[in-house]
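Values reported hereafter were calculated over all heavy atoms of this structure, with side chains retained and with hydrogens, waters and symmetry mates removed. Numbered from 1 within each chain, the chains take letters A, B, ... in sequence-line order.
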Amino acid sequence: MPERLENRHAELVTAVVDWFGEHARDLPWRRPEAGPWGVLVSEFMLQQTPVSRVLEPWAQWLQRWPSPATLAADPPGEAVRMWGRLGYPRRALRLHAAAVAIVERHDGQIPADHDALLALPGVGAYTAAAVSAFAFGGDEVVLDTNVRRVLARAVGGVEFQANSPTAAERRLAAEVWPPEGAARWSAAAMELGALVCTAATPRCVDCPILADCAWVTAGRPPHSGPPRRGQAYAGTDRQVRGRLLEVLRASEEPVAAARLDLVWDDPVQRDRALASLLTDGLVVRRGKEYALP
DNA sequence: AACACGTGGCT
DNA sequence: TAGCCAAGTGT
C-alpha cells in the first residue's frame, strides 16, 4: 500500500475520532454498565431502526430480562409482545432464540468470539462485528450503512454506496481501519454517518473531514449508479402481517379467526399473510384460534 | 443475488 | 405529501 494512502487514511481516522470525542451521543448501550447483553440487545433493535425509536424499548427490555437466561426462560411470544411496534418482529423471535443458544452453548455468557457470535440466530456479519467490537473491544471491521456511506463519500467520491457491500468496499474498510482503537473508529464513523454525513441532506458544514472529502471536492455529484431500491409498504403483505400481529400482541388470550378477519378486507391476501406468520413462527394455531408462540 | 421483512419520522 | 430512509438478516 502506498505510503501516501496510509497517511491520508490515518488523518481521516484521527479527525473523525476527535470529532466523536466532542459530539458522541450519550447512548445507554455505550455505557459500561450496559454490558455485553445490553450491547447485543441494542444491536438487534437497531437493525434497520433509528436510535430514537430504540431508546425506550431497550430500557424496558433489559429491565424485564437482565440476562440471556431470563429471556430464554420465557416463551418466545413474550419477546414478540415486548417488541411492540419496533418493526421487523422476526428480530424478537431471533433474539429469543439467540438467548436460548447462549444459555445452551455458552453457559449464559455472551461469546466474545466473532464466529461464535455469527453462529447465533439473527446475528449476521454486521452484528457479530459490532458486538465483538463494542462489547469486548475486539478489532473488527464494522461495516454498517453509515460507515459505508462515509467511506463512499470521503474516499470514493460518490454520493451513495452500492446496494450491498462489495469486495472493494471491504478492502477499503480494512485499509482505513486502524489496528489500534478499531472499535472507537467504528463507533465514530457510524456516529458521523448518523448525525452529519446523512443520506438525504448531509450537514457538510459540520463535517470534520470536509476538506478531505472526495465527494465534496468533486462538487458533490449526484448518485449515478444503479437505482437504489425503495421499500413499498402500503398494500403489501408486510402491512397485513403488521395488522394481524398487532391484534395478537394486544391479547393475552388466543384470538378467534373472525377477529383477525377484521384487519384486512382481501381474504386471499389476509390468509397468505397469516400463513406466512405461522411459517415464520411468529404465530401459532391453538385449535381454531391463533396466538403468539 | 434479488427479495421479503415493520414502523414512523423527516423533508 | 408521498416518498425516502433507518446500527441488517435469511433465503
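No engagement by S52(A) is indicated, since no non-hydrogen atom pair under 4.0 Å with the nucleic acid exists. Backbone-only engagement by A199(A) is indicated by non-hydrogen atom pairs under 4.0 Å involving sugar-phosphate atoms exclusively. Across all strands shown, L118(A) has no heavy atoms under 4.0 Å from either base or sugar-phosphate atoms. Contact annotation for W83(A): no contact, since no heavy-atom pair falls under 4.0 Å across all strands. Note on R53(A): a base of the nucleic acid sits closer than 4.0 angstrom, heavy atoms only. Within 4.0 Å (heavy atoms only), G230(A) reaches no atom of the nucleic acid at all. Among the heavy atoms of the strands, none lies under 4.0 Å from L245(A). Within 4.0 Å (heavy atoms only), G124(A) reaches sugar-phosphate atoms of the nucleic acid but no base atom. Within the nucleic acid shown, Q231(A) comes within 4.0 Å of at least one base atom, counting heavy atoms only. Nucleic acid contact class of V123(A) (heavy atoms, under 4.0 Å, all strands): sugar-phosphate only.
Atom CG of L195(A) and atom P of dA6(C) are 13 Å apart (whole Å). Atom CZ of R229(A) is separated from atom C1' of dG3(C) by 17 Å (rounded to the nearest Å). Between the C1' atom of dC5(B) and the CD atom of Q269(A) lies a distance of 14 Å, rounded to the nearest Å. Rounded to whole angstrom, the span from the CG atom of L93(A) across to the P atom of dT11(C) amounts to 12 Å. Counting to the nearest Å, the P atom of dT7(B) and the CE atom of M45(A) are 15 Å from each other. At whole-Å resolution of the value, CD in E140(A) and C1' in dA7(C) are 15 Å apart. Across the protein-nucleic acid pair, W58(A) atom CH2 and dA7(C) atom P stand 18 Å apart, rounded to whole Å. Across the protein-nucleic acid pair, Y233(A) atom OH and dC5(B) atom P stand 10 Å apart, rounded to whole Å.
In this structure, L93(A) is not a member of the same hydrophobic cluster as M82(A), with clusters built from ILVMFWY side-chain heavy atoms closer than 4.5 Å.
Along DNA chain C, the nucleotide closest to L46(A) and the one closest to P121(A) are compared, and the more 5′ of them pairs with L46(A). Nucleotides of DNA chain C nearest to L120(A) and M190(A) differ in position, and the one nearer the 5' end is that of M190(A). Along DNA chain B, the nucleotide closest to P50(A) and the one closest to A200(A) are compared, and the more 5′ of them pairs with P50(A).
Contact annotation: Q48(A) does not reach the phosphate of dA6(C) (side-chain N/O to OP1 or OP2, under 4.0 Å). Side-chain N/O atoms of R94(A) include none lying less than 4.0 angstrom from OP1 or OP2 on dT9(C). Distances shown here put a side-chain N or O of R149(A) below 4.0 Å from the OP1 or OP2 atom of dA6(C). Side-chain N/O atoms of R228(A) include one lying less than 4.0 angstrom from OP1 or OP2 on dC5(C). At the phosphate of dC5(C), neither OP1 nor OP2 sits under 4.0 Å from any side-chain N or O atom of T145(A).
T279(A) places a side-chain N or O within 3.5 Å of a backbone atom of A275(A) that can act as its donor or acceptor partner. With hydrogens and angles ignored, the 3.5 Å screen pairs no side-chain donor or acceptor of R184(A) with any backbone N or O of E180(A). In this structure, R243(A) contributes its side chain and W264(A) its backbone to no donor-acceptor pair below 3.5 Å. Under the 3.5 Å distance criterion, the side-chain polar atoms of S251(A) are matched with a main-chain donor or acceptor of E253(A).
For R91(A) against dT9(C), no side-chain N or O and base N or O form a donor-acceptor pair under 3.5 Å. Residue side chain R238(A) reaches the base of dG6(B) through a donor-acceptor N/O pair under 3.5 Å, judged by distance alone. In the interface, the side chain of T49(A) is paired with the base of dG6(B) through a donor and an acceptor atom under 3.5 Å apart.
Side chain of R30(A), nearest nucleotide from dT7(B), dC5(B), dA7(C): dA7(C).
Nucleotides dA2(B) and dA7(C) have their P atoms positioned 23 Å apart, rounded to a whole Å.
The cationic group of R153(A) lies under 6.0 Å from the six-membered ring centre of F160(A) and within 45° of the ring axis, placing it in a cation-pi geometry. The cationic group of R238(A) does not satisfy the cation-pi geometry with Y233(A), failing either the under 6.0 Å distance to the six-membered ring centre or the 45° limit from the ring axis.
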